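One-based numbering, in listed order, for ligands and for the atoms of each. Keep in mind that this is a model prediction, so the values were computed, not measured.
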Amino acid sequence: MVKILGISGSLRKASFNTGLMKAAAAGAHEGVEFETATLHGIPLYDGDVEASDGIPEAVTALKRKVMAADGVILFTPEYNNSIPGVFKNAIDWLSRPSADITKVFRGRHFALAGASPGNFGTILSQNAWLPVMRTLGAELWSGKRLMLPRAETLFDQDGRLTDAEAADRLRAFVKAFADFAGAESGR
Ligand SMILES: Cc1cc2nc3c(=O)[nH]c(=O)nc-3n(C[C@H](O)[C@H](O)[C@H](O)COP(=O)(O)O)c2cc1C
């Protein structure tokens, strides 16, 4: 069984990106165990809090999920042509303490996907993740790209993916990434 973790970078109930992640989980092929995660409960990073209280439980829980995965897909919204602060904040927490970067990120396979109402479907936020992934030593998979523009035409009001062609592209994306991550993990 290949373990894939999806993380949605939006806290919104009817989020396109959470909807995309849920559709990816629902449509995952046989042999793929697709777990999902959101950023709810992760506080703003504060070095004083880290020094006095350590790593928050919600961060530790997400770290464990990442470490259990053969591959991680970041479902990223785009804010002001870059990474939304809540998502970057969560990844920053995951990189603490820095001694854990090796076991959480180094050599682990990551992929990027996203949806937005704009015309370019998160291309700039996906690009903005590249130096972050490189800094953390993650293995970024670039075998396929998944950017869904004009998301309001592809999702319903509750954030469910309703467009059949987009769903097919999503399935192909997840399958290709899972095949790759599984082979790399010897599964
Ligand atoms: C502060 C802010 C900045 C935004 N900037 C962009 C942007 O640069 N490009 C874009 O395509 N959409 C932008 N949007 C629109 C988001 O793509 C849209 O709100 C989307 O629904 C967010 O993802 P979600 O549905 O997963 O929550 C922005 C939205 C906000 C709130």
Side-chain angles (χ1 to χ4, degrees), residues 4-28 32 34-46 56 58-59 61-63 65-66 69 71-95 109-136 138 140-142 144-178:
I4 301 296
L5 173 69
I7 307 177
S8 170
S10 172
L11 299 172
R12 218 161 64 80
K13 270 200 207 80
S15 155
F16 298 129
N17 289 284
T18 302
L20 193 60
M21 174 181 75
K22 287 180 177 168
V32 176
F34 198 115
E35 196 177 1
T36 61
T38 66
L39 308 179
H40 293 95
I42 295 186
L44 284 176
Y45 178 76
D46 180 335
V59 175
L62 186 56
K63 262 174 137 173
K65 287 184 180 189
V66 170
V72 180
I73 305 177
L74 303 182
F75 291 89
T76 185
E78 178 171 304
Y79 283 2
N80 296 316
N81 291 353
S82 193
I83 302 168
V86 288
F87 209 177
K88 178 65 163 47
N89 174 70
I91 297 298
D92 291 341
W93 261 124
L94 290 183
S95 72
H109 300 287
F110 278 74
L112 295 163
S116 89
N119 285 330
F120 304 103
T122 71
I123 188 169
L124 290 172
S125 63
Q126 293 195 28
N127 285 351
W129 277 109
L130 303 181
V132 179
M133 294 286 103
R134 185 174 60 189
T135 298
L136 296 172
L140 185 72
W141 177 76
S142 49
K144 281 184 183 293
R145 302 187 84 179
L146 189 68
M147 290 160 294
L148 298 180
R150 294 175 288 281
E152 72 284 359
T153 66
L154 311 175
F155 293 80
D156 69 16
Q157 285 191 338
D158 298 321
R160 270 186 294 262
L161 183 64
T162 50
D163 186 85
E165 195 205 322
D168 285 348
R169 285 182 53 209
L170 175 63
R171 269 173 69 79
F173 179 89
V174 173
K175 182 173 189 318
F177 179 56

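Of all protein heavy atoms, the one lying nearest to atom 8 (O) of ligand 1 is N81 N, 2.7 Å. Looking only at heavy atoms of the protein, atom 25 (O) of ligand 1 is closest to R12 NH2, 2.7 Å. Regarding atom 13 (C) of ligand 1, its nearest protein heavy-atom neighbour is E78 O, 3.0 Å. Regarding atom 5 (N) of ligand 1, its nearest protein heavy-atom neighbour is N80 N, 2.7 Å. Scanning all protein heavy atoms for the shortest distance to atom 27 (O) of ligand 1 gives S10 OG, 2.7 Å.
Checked against the 6.0 Å centroid threshold, F110 and W129 do not count as a close aromatic pair.
None of L112, T38, L146, L20 except one satisfies the side chain to side chain contact (heavy atoms under 4.5 Å, CB included) rule with F75; the exception is L20.
Annotation for ligand 1: atoms under 4.0 Å from non-hydrogen atoms of F16 are 21 (O), 24 (P), 25 (O), 26 (O). Listed by number with element, the atoms of ligand 1 under 4.0 Å from a non-hydrogen atom of N17 are 23 (O), 24 (P), 26 (O).
When every heavy atom of A28 is checked against every heavy atom of V32, the shortest pair comes out as CB-CG1, 4.1 Å.
At a threshold of 4.5 Å between non-hydrogen side-chain atoms, the residues F34 and V174 count as touching. Two residues are said to be in side-chain contact when any heavy atoms from C-beta on lie closer than 4.5 Å; T76 and Q126 meet this criterion. In this structure, the side chains of R150 and N119 come closer than 4.5 Å at one or more pairs of heavy atoms. Contact annotation: the side chain of K88 approaches that of D92 to within less than 4.5 Å [non-hydrogen atoms, C-beta and beyond].
Checking only distances, Y79 never comes within under 3.5 Å of ligand 1, N or O to N or O. At a 3.5 angstrom cut-off on N or O pairs, T122 does not count as close to ligand 1.
Within 6.0 Å of atom NZ in K175, 12 or fewer heavy atoms from other residues, nucleotides or ligands are found, so the atom counts as exposed in its surroundings.
For atom 18 (C) of ligand 1, the nearest non-hydrogen atom from the set P117, S15, S116 belongs to P117.
Shown here, atom 21 (O) of ligand 1 is in close reach of the protein: a heavy atom of it lies under 4.0 Å off.
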